[in-house]
**Student:** 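Here it is, the structure in full.
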Amino acid sequence: LISICFPSALAYYITTKVSDGAWKEHVIQEHKGRLSFALDILGDRYIDSINRKDIREFRDKLCKLPPHRFNRKEYKGKSVDEVIAMNSHKRLSVTRINIIIEAVSSLFEWCIDEGILSSHNPAKGLQIKDERSVIEFREPFSVDDLNKIFLSDAFKDKSRVNEAYYWCPLISIYSGMRLEEISQLSVDDVYFVDGIWVFDVNTNPSRDGRNDKQVKNKNAVRIVPMHNKLIELGFIEYFDSVKRKGEERVFFKLNKTERAPRYGKQVGKNFREIIKKCGVQGKKSFHSLRHTFSDFYKKRHLQNDVFRQVFGHDIPELAAKQYGSRFSPKQCFDEVINKLEYKLERGAY
């Protein structure tokens, strides 16, 4: 076994994961962010000296830390213990803590495989049991919320700043598509087929060979019919104007950076600001639009296999999944998208 200090093992782990291509570009910063908690709390010690008790204490400190510690002025320059002593009423969520613990556990597993550690992983199985039901994680918007948002000047004015801030929320609420699926659309991903307009969610490379699209899993690759409301609101006119300019991406003003390696980062942040300005209550974000879409069909007992295909979820029935062909865009439109109606106030889309 090789006895090395924890920071060196961590740096070696990150470098190897990146060079081996095990981490895609858009998740590198996320992984580093999770592991930075371990570096801050466990500190500079030999990695083989870290035991189960150390990881339990690490987990206990995570439970006392506030969210967004690295981005808040009041925590700048302070140690973990100093931040904990400030006793913030906001704490890291159970989900976030478990993701961090899992990241650290994966690091130790890798160290075992590399011969840096023996066969003991001190972080294995130390995630916190989350007593909340799954449905509590997914808070949809109410009709009142949607009226507040889509009737507001805060929303309508966004189209003049960046068209993506206007169209991405509308596409999500009328298609159930994820934020990044919408934000990364190329002009080749929007087309007319079977008598309807569709969004094609895929990982196809760009015209210059770039492979920067991302999907959550294999079920996310799908064709989603366009709701007539989007056409009525003028999306096709906007889309045609983008094509005339010779742009490759539908929302060409969005960009990726090293710190924000997703096209949708700007849109999500902007939408959170709109929610706040509109006085919408609860734990709601851009992703709540997707939950709102899903909730419409759930309440009407319409979450069948056709819905699951449109939504980008696995089709559980073996016969349909293994032996049946995919449902056509027209069938998806007729049986899912065309049934969607929120009954909003006039002018609220």
Side-chain angles (χ1 to χ4, degrees), residues 1-62 65 67-71 79-80 92-128 178 180 184 202-206 208-221 255-265:
L1 295 179
I2 308 167
S3 186
I4 62 174
C5 65
F6 182 67
S8 296
L10 185 55
Y12 181 32
Y13 172 65
I14 292 171
T15 301
T16 305
K17 285 292 184 181
V18 173
S19 62
D20 287 352
W23 289 352
K24 293 183 180 179
E25 183 183 348
H26 68 275
V27 300
I28 292 172
Q29 291 304 318
E30 291 178 15
H31 284 297
K32 286 182 177 179
R34 295 163 189 166
L35 293 167
S36 68
F37 285 91
L39 190 59
D40 284 350
I41 296 174
L42 295 172
D44 190 358
R45 63 174 87 178
Y46 284 112
I47 191 167
D48 55 7
S49 73
I50 298 173
N51 57 35
R52 191 79 164 175
K53 180 174 177 289
D54 294 324
I55 301 298
R56 288 186 185 279
E57 291 175 355
F58 166 66
R59 186 186 64 182
D60 291 343
K61 287 191 174 184
L62 288 178
L65 282 173
H68 314 300
R69 176 169 62 97
F70 299 110
N71 300 325
S79 68
V80 168
L92 291 174
S93 67
V94 172
T95 301
R96 178 67 170 156
I97 291 167
N98 284 341
I99 287 172
I100 294 168
I101 295 291
E102 179 60 32
V104 174
S105 180
S106 296
L107 163 66
F108 281 112
E109 286 294 334
W110 177 86
C111 287
I112 292 169
D113 293 339
E114 294 293 312
I116 297 171
L117 288 176
S118 64
S119 59
H120 175 61
N121 177 353
K124 188 173 184 178
L126 278 185
Q127 285 88 348
I128 302 169
R178 300 176 178 92
E180 194 64 13
Q184 69 188 6
N202 59 66
T203 56
N204 297 342
S206 62
D208 62 3
R210 247 179 17 260
N211 287 291
D212 70 343
K213 286 183 182 177
Q214 52 189 276
V215 294
K216 186 171 183 180
N217 49 47
K218 63 181 181 180
N219 300 308
V221 176
N255 56 70
K256 294 183 178 184
T257 65
E258 187 176 345
R259 290 192 63 185
R262 296 177 188 269
Y263 287 120
K265 182 80 172 180

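Below, all heavy atoms of this structure are taken into account, side chains as well, without hydrogens, waters or symmetry copies.
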**Student:** I'd like to know if the side chain of Arg34 and the backbone of Ile101 have a donor-acceptor N/O pair within less than 3.5 Å.
**Tutor:** no
**Student:** Measure the shortest side-chain to side-chain distance between Thr16 and Trp110 over non-hydrogen atoms and say whether it is less than 4.5 angstrom.
**Tutor:** yes
**Student:** For Lys265, look at atom NZ and say whether over 12 heavy atoms of other residues, nucleotides or ligands are found less than 6.0 Å away.
**Tutor:** no
**Student:** Looking only at atom types and distance, does a side-chain atom of Glu180 sit under 3.5 Å from a main-chain N or O of Tyr263, one as donor and one as acceptor?
**Tutor:** yes
**Student:** Applying side-chain hydrogen bond (donor to acceptor under 3.5 Å, both in side chains), name anything that partners Lys17, two or more places apart in sequence or on another chain.
**Tutor:** none
**Student:** Is there side-chain contact between Ile14 and Lys32, with at least one heavy-atom pair below 4.5 Å?
**Tutor:** yes
**Student:** What I'd like to find out is whether the side chain of Cys111 reaches to under 4.5 Å of the side chain of Ile47, using heavy atoms alone.
**Tutor:** yes
**Student:** Quick one: does Ile97's side chain get under 4.5 Å of Leu65's, heavy atoms only?
**Tutor:** no
**Student:** If you define the side chain from C-beta out and look only at heavy atoms, does anything of Arg59 sit under 4.5 Å from Arg56?
**Tutor:** yes
**Student:** Can you classify the ring geometry of Phe37 versus Phe70 as parallel (below 30°), tilted (30 to 60°) or perpendicular (above 60°)?
**Tutor:** perpendicular
**Student:** Look at the side chain of Lys256 and the backbone N and O of Asp212, then say whether any donor-acceptor pair between them is shorter than 3.5 Å.
**Tutor:** yes
**Student:** Restricting to salt bridge (charged side-chain N to carboxylate O under 4.0 Å, His left out), what partner residues turn up for Lys218, sequence neighbours left out?
**Tutor:** none
**Student:** Taking side-chain hydrogen bond (donor to acceptor under 3.5 Å, both in side chains) as the definition, give me every residue that meets it alongside Asp40, ordered by chain and number, with sequence neighbours left out.
**Tutor:** Arg69
**Student:** Applying side-chain hydrogen bond (donor to acceptor under 3.5 Å, both in side chains), can you list everything that pairs with Ser8, at least two apart in sequence or on another chain?
**Tutor:** none
**Student:** Establish, from distance only, whether the side-chain atoms of Gln214 and Gln184 form a donor-acceptor pair under 3.5 Å.
**Tutor:** no
**Student:** Only counting residues at least two apart or in another chain, list the ones meeting ring-ring contact (aromatic ring centres under 6.0 Å, His included) with Tyr46.
**Tutor:** none
**Student:** Minimum heavy-atom separation for Ala123 to Phe108, with atom names?
**Tutor:** CB-CD1, 4.1 Å
**Student:** With sequence neighbours excluded, what pairs up with Ser105 under the side-chain hydrogen bond (donor to acceptor under 3.5 Å, both in side chains) test?
**Tutor:** Asn121
**Student:** How about Lys213 and Asn202: does a side-chain donor come under 3.5 Å of a side-chain acceptor?
**Tutor:** yes
**Student:** If we only count heavy atoms from C-beta on, is the Ile55 to Ile50 side-chain gap below 4.5 Å?
**Tutor:** yes
**Student:** Please check if the side chain of Asp54 supplies one atom and the backbone of Glu57 the other of a donor-acceptor pair under 3.5 Å.
**Tutor:** no
